[in-house]
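Below: one structure, written as structure tokens.
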Amino acid sequence: MSGIRKFETVRVELGRRSYDIHIGADLLDRTGEFVAPLLSRPRLAVITDENVAALHLPRLEAALSGIEVSTLTLPAGEATKSWAGLERTVEWLIESRIGRDDLVLALGGGVIGDLAGFAAAILRRGVRFVQIPTSLLAQVDSSVGGKTGINSPLGKNLVGAFHQPVLVLADVGLLDSLSPRELRAGYAEVAKYGLLGDAEFFSWLESSGPDVIEGDPAARARAVRRSCEMKAEIVARDETEEGDRALLNLGHTFGHALEAATGYSERLLHGEAVAIGCVLAFETSAALGLCEADVPARVIAHFDRIGLKARLADIPGTLPDADGLLSLMAQDKKVRDGRMAFVLARGIGEAFLSREADLGVVRSVLARALASRP
Ligand code: GLY
């Protein structure tokens with residue numbers, strides 16, 4: 001069948017800043033159709049990286065025929081999400097004469113989306129931007145909700161702005177080009193949505209998660225759609241993270257400390273840190289008597305089935321001791337008034353934000369997890 005193919009739409013309801021997330025296969029080839037109505041003139045600036053450009057840029061350019069496209073292709077990797085990368089991007093947009101009424105299109109994973117979104121936020125005090133996320137992590141998390149920014153030499157994501165995109169095109173076909181490890185790391189964020197607020201979705205993942213990993217397009221579209229629906233609902237309630245949005249950080253307080261302890265390196269990808277962090281959050285919840293004692297084992301069993309890291313023992317090399325990890329956690333930017341914020345849970349799908357967690361219990365959970373390392 002030629003012509004229109006199916007896709008699904010999730011709406012992020014933010015008043016005048018509301019936008020659609022379209023989810024489906026082959027959406028990249030239809031970019032022109034979706035973007036053209038948003039253009040004030042047939043002109044578009046694309047920001048991407050070298051890896052993504054090699055894989056997907058020719059298809060995007062073919063999909064934008066009739067539109068004058070200027071492309072900035074940046075080095076791939078986290079180092080691009082820096083002051084230097086931002087300066088280069090903003091100066092390039094100015095040189096390319098991208099004006100207030102033009103559109104910036106981010107084609108890439110979380111690094112490109114965050115950087116291009118932030119460049120769009122500050123260029124001429126705000127230019128509209130579109131996200132075409134190419135990684136699973138970007139499709140289910142970073143491209144949705146308007147968090148944009150760069151890293152400071154002192155920490156990740158310390159410089160940035162809330163700037164919502166005007167459209168997100170999540171083409172699940174693009175996930176075929178991810179490495180198995182990157183795909184699984186992104187899956188941790190999908191599982192996170194079930195764990196934090198939708199037990200039925202988590203049960204579905206327990207049976208269909210392997211299909212998501214193996215490339216079943218319908219399973220992938222369902223996983224991305226439900227993740228985006230949940231993120232859209234939470235962002236609509238709490239755009240700037242005064243409350244509920246912090247639930248999206250399930251596993252992240254532990255995870256950020258583990259990423260810092262491993263030097264933000266290939267030893268541990270962000271999603272892998274989130275998976276282990278989710279397990280530690282459930283182990284802490286069980287140790288505090290908040291959830292049943294067998295829940296953490298269910299989370300570990302699921303990540304094992306998917307082939308994701310789930311335990312501290314799965315991290316190669318040395319790690320700090322429990323106090324060392326706790327002090328890395330205390331540096332997390334979600335510390336307020338000396339209290340550490342944890343997302344804990346009363347069960348699968350029942351997460352809540354706590355500033356009351358007994359740090360002695362957290363320390364013993366970490367010590368026990370560290371002791372199980374070979
Ligand atoms: N990645 C967490 C958030 O967007 O709030």
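Ligands are counted one by one from 1 in listed order, and the atoms in each one are counted from 1 as well. Start at 1 with the first residue, then count along the sequence.
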Q: Quick one: do Glu78 and Tyr264 satisfy side-chain hydrogen bond (donor to acceptor under 3.5 Å, both in side chains)? Show the steps, please.
A: CA-CA 9 Å; Glu78 192 75 27; Tyr264 301 98; over 6 Å; no
Q) For ligand 1, what are the residues with a heavy-atom contact below 4.0 Å? A) Asp141, Lys147, Lys231, Glu241, Arg245, Leu248
Q. Aromatic rings Phe201 and Trp204: how do their planes relate, parallel, tilted or perpendicular, breaks at 30° and 60°?
A. parallel
Q) Got a sec: does the CD of Glu50 have more than 12 other heavy atoms crowding it under 6.0 Å? A) yes
(Q) Please say yes or no: joined through hydrophobic side-chain contacts below 4.5 Å, possibly via intermediate residues, are Leu14 and Val144 part of one cluster? (A) yes
(Q) Regarding Thr31 and Arg59, do their side chains bring together a donor and an acceptor under 3.5 Å, going by distance alone? (A) no
Q | Cation-aromatic face contact Arg346/Phe352, 6.0 Å, 45 degrees | A | yes
